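Take a look at the structure set out below.
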Amino acid sequence: MNKHPTISLLAVVWGLLMILLTGTVIVARYDFGDLSLYVALGFAIGKALLIIFFFMHVRYQARQVLLFAGAAYLWLMILIVGTLQDYTSRNWIKAQDKRGSVKIKLPHQEER
Amino acid sequence: METSSQSENQELEPLHSHFETLEQQRDAATLGMWVFLGTEVLFFGVIFMGYIYVRWSYPLVVEEASRHLELVLGTINTAVLLTSSFFVAAAVLLAGNGRRHAASWLVIIAALMGVAFLVIKGTEYHAVIKEGFFPGYSATLEKVSVPGGGYYGALSQGGGPVPGRAELFFWLYFVMTGIHALHVLIGVSLLTWVALFLRRRPTFSQNAVANVGLYWHFVDLVWVFLFPMLYLAGHRPL
């Protein structure tokens, strides 16, 4: 539990972070359609994990630190998933509306 | 976190009466900081949710509007923050080994990089506001054009070929980067405080150094997500 990273390991992590940053900017030149979001998020999550586990020492800490960091992530997911299940399911009513069975005024959503 | 012997730690870190050992004291300090960071995740989480809703509702608007942000400055700023985070991580290690003078220099470098981040951010705000993208009555969003005609104008000007929603994106841009910049400002103040007590005080708290370090890494972490969300939402061909 009292293990710690060395400065050279931190330098390697910094190098990886720079590579990921360069990678995400280069990749952003190309259009992957709907996948673009997930590609950009993949790079961001890679950088985030390096920072959390090495710079923030979660890899070297007691398990309860990982638990608390994970709990923060879990609550964020509850916030996002809970909100999105409302917004995304509103389209189901919209689809019904087109068939003329339900008349509910819905916020505009742009067509892709 | 630290390698030095227990006796060396004793000089650095006073043991408070309500803890049995220094290790217990340190674990409590670390865990407490993570609880605070958890609340920060939710603080930023709400505005992230706002972004997700706007992007989900108006994907083309977000993609087009994001191409009008300064990608070069944004990339430089990301590199600056990631590098400053490395210096802080190294400083926490050195401070743990009792090398407080070397650690203080690294913290000062990191704080200066934080200031550099804010200066670059200010330059960028100036450019974006000059383009007329600041949300409000004076916003001119004709430049955010849409393939197939029309433009994503201000909310108040809706009714064109495409309903105007670009203002929402710039509103999110200014709020997200604004509250993040506030965190950077607080982080720079904390780093300056750490640098001062590393240099001046006969004793210092390693836990304080480590926790300020955690705060700085968290500020970095938020930016790691803000950068692709705001600057890379729309692809930018050469």
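Letters A, B, ... are given to chains in the order of the sequence lines, protein chains preceding strands, and every chain is numbered from 1. All of these numbers come straight from a predicted model, not from anything done at the bench.
For A:Val13, no part lies under 4.5 angstrom from a heavy atom of chain B. For A:Ser36, no part lies under 4.5 angstrom from a heavy atom of chain B. Contact of B:Phe227 with chain A is made through the side chain alone, with heavy-atom distances under 4.5 Å. When heavy atoms are compared at a cutoff of 4.5 Å, B:Leu37 approaches chain A solely by way of its side chain, counted from C-beta outward. For chain B, the nearby part of A:Ile51 is the side chain; its heavy atoms alone come within less than 4.5 Å. Heavy atoms of A:Leu20 lying under 4.5 Å from chain B are absent altogether.
Note: B:Ser85 OG to A:Leu50 CG = 11.5 Å, rounded to the nearest 0.5 Å. Rounding to the nearest 0.5 Å places CG of B:Asp220 at 9.0 Å from CE of A:Met56. Annotation: the span from A:Gln61 atom CD to B:Thr30 atom OG1 amounts to 5.0 Å, rounded to 0.5 Å. Atoms CD1 and CG, on A:Ile52 and B:Leu214 in that order, are 11.0 Å from each other to the nearest 0.5 Å. Put simply, OG1 on A:Thr24 and OH on B:Tyr231 are 13.5 Å apart, with the number rounded to the nearest 0.5 Å. Rounding to the nearest 0.5 Å gives a distance of 14.0 Å between CZ of B:Phe86 and CZ of A:Phe54.
Looking at every heavy atom in both residues, A:Leu79 comes nearest to B:Met49 through O-SD, 4.2 Å. Residue B:Trp34 comes nearest to A:Phe68 through the heavy atom pair CB-CB, 4.4 Å, listed as atom of the first residue, atom of the second, then distance. Of all the heavy atoms in A:Ile7 and B:Ala90, the pair that sits closest is CD1-CB, 3.9 Å.
With chain A as the partner, the residue from B:Leu221, B:Leu71, B:Val46 showing the most heavy-atom pairs under 4.5 Å is B:Leu221. Heavy-atom pairs under 4.5 Å with chain B were tallied for A:Ala72, A:Ala11, A:Ala28; the largest tally goes to A:Ala28. Ranked by non-hydrogen atom pairs under 4.5 Å with chain B, the options A:Leu67, A:Leu84, A:Leu41 are led by A:Leu84. Taking B:Leu94, B:Ile52, B:Val88 one by one and counting their heavy-atom pairs under 4.5 Å with chain A, the maximum is reached by B:Ile52. Top candidate by heavy-atom pairs under 4.5 Å with chain A, chosen from B:Val35, B:Leu232, B:Leu82, is B:Leu82. For the set A:Thr22, A:Thr83, A:Leu21, A:Leu17, the entry with the most heavy-atom pairs within less than 4.5 Å of chain B is A:Leu21. For the options A:Ile80, A:Val27, A:Thr6, heavy-atom pairs under 4.5 Å to chain B are most numerous at A:Ile80.
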>> Run the side chain to side chain contact (heavy atoms under 4.5 Å, CB included) test on B:Thr78 and A:Lys47 for me, step by step, so that the C-alpha distance in whole Å, both residues' side-chain angles and the decisive distance to 0.1 Å come before the verdict.
In response: CA-CA 11 Å; B:Thr78 313; A:Lys47 278 189 275 187; 4.3 Å; yes

> Passes side chain to side chain contact (heavy atoms under 4.5 Å, CB included), A:Met18 versus B:Thr83? Steps please.
Replying inline: CA-CA 9 Å; A:Met18 288 297 132; B:Thr83 310; 3.5 Å; yes

> Could you go step by step and tell me if B:His217 and A:Phe55 meet the ring-ring contact (aromatic ring centres under 6.0 Å, His included) rule?
Replying inline: CA-CA 7 Å; B:His217 297 314; A:Phe55 283 0; 5.5 Å; yes

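Residue A:Tyr30 qualifies as open at atom OH: its count of foreign heavy atoms under 6.0 Å is 12 or below. Applying the 6.0 Å contact sphere to CZ of B:Arg67 captures more than 12 heavy atoms from other residues, nucleotides or ligands. Heavy atoms of other residues, nucleotides or ligands lying less than 6.0 angstrom from CZ of B:Phe19 number more than 12.
Without hydrogens or angle criteria, A:Arg29 side chain to B:Arg236 main chain gives a donor-acceptor distance under 3.5 Å.
Only one option out of B:Leu42, B:Thr39, B:Val41 pairs with A:Trp75 in a side-chain contact (heavy atoms from CB on, under 4.5 Å); it is B:Leu42.
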